[in-house]
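To keep things clear, I will list the structure first and then write my remarks on it.
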Protein chains: 2
Amino acid sequence: MAPRALAKQTNAEMPDVVSDLEILIGYNMKRAYVAIQKDFRAALGEGGLSPRTFSALSLVVAHPNISQSSLARLLGIERSGLVAIIDELERRNYLTRSHVPGDRRVQALVATHEGNAAYQATLATVQAHEERLLATLSATEKHTLMQILIKIRLTDKEDI
Amino acid sequence: MAPRALAKQTNAEMPDVVSDLEILIGYNMKRAYVAIQKDFRAALGEGGLSPRTFSALSLVVAHPNISQSSLARLLGIERSGLVAIIDELERRNYLTRSHVPGDRRVQALVATHEGNAAYQATLATVQAHEERLLATLSATEKHTLMQILIKIRLTDKEDI
DNA sequence: TATTGTTATACTCTATAACTATA
DNA sequence: TATAGTTATAGAGTATAACAATA
């Protein structure tokens with residue numbers, strides 16, 4: 001028989017148990033991610049980079065001259081969805097699109113000096129936000145969590 | 001000084017390191033959740049419940065006669081956003097809205113027989129999906145993960 | 001034929017604000 | 001005044017499909 005996690009009427013005996021959702025990893029992962037994202041946005045404030053824009057900038061800084069196609073693949077999103085993100089980073093003067101000799105289809109992305117500086121500052125803010133938010137976790141717990149998250153992520157065959 | 005996680009040019013020495021994102025829990029949590037959600041939807045198939053609709057149904061099953069306001073609070077979403085979810089569950093004949101004596105503003109939500117049956121079947125499918133997807137994790141790892149996720153979730157003051 | 005960047009478009013999820021009917 | 005449910009609306013974030021330029 002399939003596991004039946006929770007009897008129907010738990011209100012009386014176990015008022016703290018909200019529903020079967022509590023034993024589902026997907027549900028708890030979503031709630032945890034929502035909490036992290038909320039704090040991320042609060043930490044970066046009005047006018048700060050959104051998580052996805054920060055991620056894109058991080059990859060451009062780490063991979064100078066990366067193409068938009070490669071970047072979209074690394075982020076796990078469609079090329080079409082990346083356009084608005086790169087538009088925003090270009091508008092902020094954080095990177096430039098430049099044509100490369102040899103293949104005139106490609107737009108090589110390079111972070112500007114301003115973009116590099118903004119990235120380093122933002123990264124420090126993001127790291128501070130995570131350290132503060134996850135202060136109740138031990139170093140071992142953080143390490144274990146990261147290992148598990150990467151394991152789960154890589155169950156997706158289309159990832160990377 | 002703030003920690004500087006990654007030097008600028010890692011391509012040569014560490015081709016596997018994609019960027020600082022790899023050490024950020026928020027980023028890895030998002031990628032892991034996307035993988036889980038994708039598999040959840042694939043497991044439930046065309047016409048299956050979405051994660052949020054399944055969550056709402058779970059809470060209605062566990063809490064007969066719950067109000068929409070209480071349900072929204074438990075799910076961590078706005079009352080207005082719940083309307084479409086309840087509409088869908090009502091359209092599927094999985095629950096009924098019924099007025100309660102004493103306060104005619106409230107709509108008590110009760111799962112139908114069909115809704116209870118569909119919920120139990122869907123729950124079994126969801127649990128099978130998680131067991132399959134997370135097969136590489138040990139029981140200890142799953143337990144640790146869950147504890148950490150709940151800890152993170154509860155850093156949000158507005159949660160619960 | 002295939003690929004890069006782009007646009008047009010639509011769908012999901014969520015939030016804010018305002019309304020109504022009740023309390 | 002305050003609350004429950006609802007509607008209207010808008011904004012992220014994402015995907016699919018099609019296009020022009022180029023390979």
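If you're wondering where the values come from, they're calculated on a predicted model, not measured in any experiment. Just so we're on the same page: letters track the sequence lines, and every chain starts at 1.
Taking only side-chain nitrogens and oxygens, B:Lys38 never comes nearer than 4.0 Å to OP1 or OP2 of D:dT14. For the pair B:Arg79 and C:dA15, the criterion of a side-chain N or O lying under 4.0 Å from OP1 or OP2 is not met. The phosphate of C:dT4 has neither OP1 nor OP2 within less than 4.0 Å of any side-chain N or O from A:Ser67.
Picking from D:dA15, C:dC13, C:dG5 the nucleotide with the shortest atom distance to the side chain of A:Ile77 gives D:dA15.
For B:Gln37 and D:dA15, the CD to P distance is 11 Å, given to the nearest whole Å. Whole-Å rounding puts the A:Phe40 CZ to D:dA12 P distance at 15 Å. For the pair B:Leu71 CG and D:dG5 C1', the computed distance is 13 Å after rounding to whole Å. Rounded to an integer number of Å, the gap from CG of A:Leu109 to P of C:dT4 is 13 Å. Rounded to a whole Å, the OH atom of B:Tyr33 is 14 Å from the C1' atom of D:dT14. In this structure, B:Asn65 atom CG and D:dA4 atom P are separated by 16 Å, rounded to whole Å.
Using a 4.0 Å cut-off between charged nitrogen and carboxylate oxygen, B:Glu158 and A:Lys38 count as a salt-bridge pair. Under a 4.0 Å N-O distance rule, the pair A:Arg31/B:Asp156 does not qualify as a salt bridge. A salt bridge links B:Glu141 with A:Lys151: the closest approach of a Lys/Arg side-chain nitrogen to an acidic carboxylate oxygen falls below 4.0 angstrom.
For A:Phe54 and A:Tyr119, the ring centers are positioned less than 6.0 Å apart.
Between the side chain of A:Ser70 and the backbone N or O of A:Ile66, no donor-acceptor pair lies under 3.5 Å.
Among the atoms of the strands shown, only primed sugar atoms or phosphate atoms (P, OP1, OP2) are found under 4.0 Å from some heavy atom of B:Arg41. Counting non-hydrogen atoms under 4.0 angstrom, A:Glu78 reaches a base of the nucleic acid.
At a cut-off of 3.5 angstrom, the base of D:dT16 holds at least one donor-acceptor pair with the side chain of A:Ser80.
Residues from residues 85-107 of chain B lying near DNA chain C, meaning a heavy-atom separation below 4.0 Å, are B:Gly102, B:Asp103, B:Arg104, B:Arg105 in numerical order.
Counted by atom type alone, B:Asn116 and B:Tyr94 present zero donor-acceptor pairs between their side chains at under 3.5 Å.
Here the rule is side chain to side chain donor-acceptor pair (under 3.5 Å) with B:His99, and of B:Arg105, B:Arg104, B:Gln107 only B:Gln107 fits it.
Mapping B:Gln68 and B:Lys30 onto DNA chain D by nearest heavy atom places B:Gln68 closer to the 5' end of the strand.
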